[in-house]
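Encoded as structure tokens, the structure appears first; notes follow it.
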2 protein chains.
Amino acid sequence: MAKTHTLGDLQLAIMRVLWANQEATVAQVHEALYPERGLAPTTVATMLVKMERKGVVQHRSEGRRFVYSPTVSEAKVQRTMVGELTERLFGGDVTALVSHLLSEHDTNADELEELKRLIAEREAQEV
Amino acid sequence: MAKTHTLGDLQLAIMRVLWANQEATVAQVHEALYPERGLAPTTVATMLVKMERKGVVQHRSEGRRFVYSPTVSEAKVQRTMVGELTERLFGGDVTALVSHLLSEHDTNADELEELKRLIAEREAQEV
DNA sequence: CTGGTCGTACTACCGTGGTAGTTGTAATGA
DNA sequence: TCATTACAACTACCACGGTAGTACGACCAG
């Protein structure tokens with residue numbers, strides 16, 4: 001059931017604005033997204049209503065305006081969505097996903113260094 | 001608008017059957033998926049029609065039956081979908097995705113070893 | 001007081017994934 | 001030959017992401 005926290009493209013764009021600002025009015029979100037997307041303000045408002053119904057944002061009234069804030073963290077959304085994709089595409093095998101990233105995405109030397117560092121860091125914690 | 005190669009859950013399940021068997025009839029796909037999903041045969045057939053319209057499978061007639069085969073590779077679909085997710089969720093930063101995997105997904109020691117091996121392998125090619 | 005503007009509420013529409021019933025036809029078996 | 005069955009074709013729905021117009025109430029400027 002809990003299809004929760006799987007967001008579409010626009011929804012993620014809106015969340016990014018909210019995550020970056022803690023909270024924002026419809027107008028502010030619209031303003032932030034307009035340059036790349038050129039959406040109508042009502043589109044953003046409608047989407048926010050849908051997102052609230054779904055439980056990923058909430059709002060409070062400030063005068064006539066609604067101030068929206070996220071109710072889920074970026075990390076949680078990432079966890080859910082990456083987990084779902086890993087499950088669907090790699091049968092839940094995380095190393096298969098990383099392996100894929102290494103072979104298909106042309107990872108450069110710097111990135112490889114960075115990855116080694118991340119793993120070493122992780123190993124340190126592990127103990 | 002090449003939104004191509006972004007597949008839903010059932011579509012991926014169907015593709016996995018086709019990838020595993022090179023080709024399959026509707027009945028064979030249905031048979032393969034029935035245990036976990038309990039779908040009607042017509043559901044599979046309808047989905048295959050939609051997938052063909054979308055260009056990810058093709059079919060040839062064999063007597064009265066249709067034999068479907070994939071027109072895109074698993075690697076290509078993975079590349080597209082992982083790429084999209086990476087873009088949407090991590091602004092295209094692959095190391096951010098891996099970092100996320102390491103911190104949120106509880107990666108065990110064996111997996112870490114495996115990852116180091118993969119990176120070393122990759123580094124060897126790099127030179 | 002009154003007209004425009006700001007901003008939410010409501011409604012609508014399209015595309016697509018997912019699910020399946022109904023129908024028509026062709027093959028098959030009694 | 002005729003009934004049953006196996007299949008594909010067609011049609012229909014729902015949910016949801018995305019997009020936006022219209023309507024209505026509040027608020028501000030003359």
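Being a predicted model, the structure only gives us computed values, none of them experimental. In what follows, every chain begins at residue 1, and chains take the letters A, B, ... in the order their sequences are listed.
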field: For B:E113 against A:E123, the heavy-atom pair lying closest together
entry: OE2-OE2, 3.4 Å
- prompt: What is the minimum heavy-atom distance between A:P70 and A:L18, and which atoms define it?
  reply: CD-CB, 3.7 Å
message: Tell me which one of A:R79, A:K76, A:M81 satisfies side-chain contact (heavy atoms from CB on, under 4.5 Å) with A:H5.
response: A:K76
- prompt: DNA chain C: A:A27 or B:R37, which has the more 5' nearest nucleotide?
  reply: A:A27
query: When you match A:K50 and A:Y68 each to their closest nucleotide on DNA chain C, which lands nearer the 5' end?
result: A:Y68
With the side chain of [X] defined as its heavy atoms from C-beta on, choose the nearest nucleotide among [options].
| X | options | value |
| --- | --- | --- |
| A:T46 | D:dG18, D:dA20, D:dA8 | D:dA20 |
| B:D9 | C:dG18, D:dA8, C:dT8 | C:dG18 |
| A:V26 | C:dT8, D:dT19, C:dT19 | C:dT8 |
| B:T42 | D:dT19, C:dG18, C:dT22 | C:dT22 |

Rounded to whole angstroms, how far apart are [atom1] on [X] and [atom2] on [N]?
| X | N | atom1 | atom2 | value |
| --- | --- | --- | --- | --- |
| B:L7 | C:dG15 | CG | P | 20 Å |
| B:L33 | C:dT19 | CG | C1' | 14 Å |
| A:M81 | D:dG17 | CE | P | 11 Å |
| B:R53 | C:dG18 | CZ | P | 14 Å |
| A:E31 | C:dG7 | CD | P | 11 Å |
| A:M47 | D:dC16 | CE | P | 11 Å |
| A:M15 | D:dG17 | CE | C1' | 15 Å |
| B:L10 | C:dT16 | CG | P | 16 Å |

OP1 or OP2 of [N] sitting under 4.0 Å from any side-chain N/O of [X]?
| X | N | answer |
| --- | --- | --- |
| B:R64 | C:dA27 | yes |
| A:T43 | D:dG18 | no |
| B:K54 | C:dG17 | yes |

- prompt: Where does the angle between the aromatic ring planes of A:Y68 and A:F66 fall among parallel (under 30°), tilted (30 to 60°) and perpendicular (over 60°)?
  reply: perpendicular
task: Please work out if A:V49 contacts a base, only the sugar-phosphate, or nothing of the nucleic acid, heavy-atom cut-off 4.0 Å.
output: nothing
message: Heavy atoms only, 4.0 Å cut-off, all strands: where does B:A45 land among base, sugar-phosphate and nothing?
response: nothing
message: Count I, L, V, M, F, W, Y as connected when their side-chain heavy atoms are under 4.5 Å apart, and connections chain through other members. Are B:L48 and B:V67 then in the same cluster?
response: no
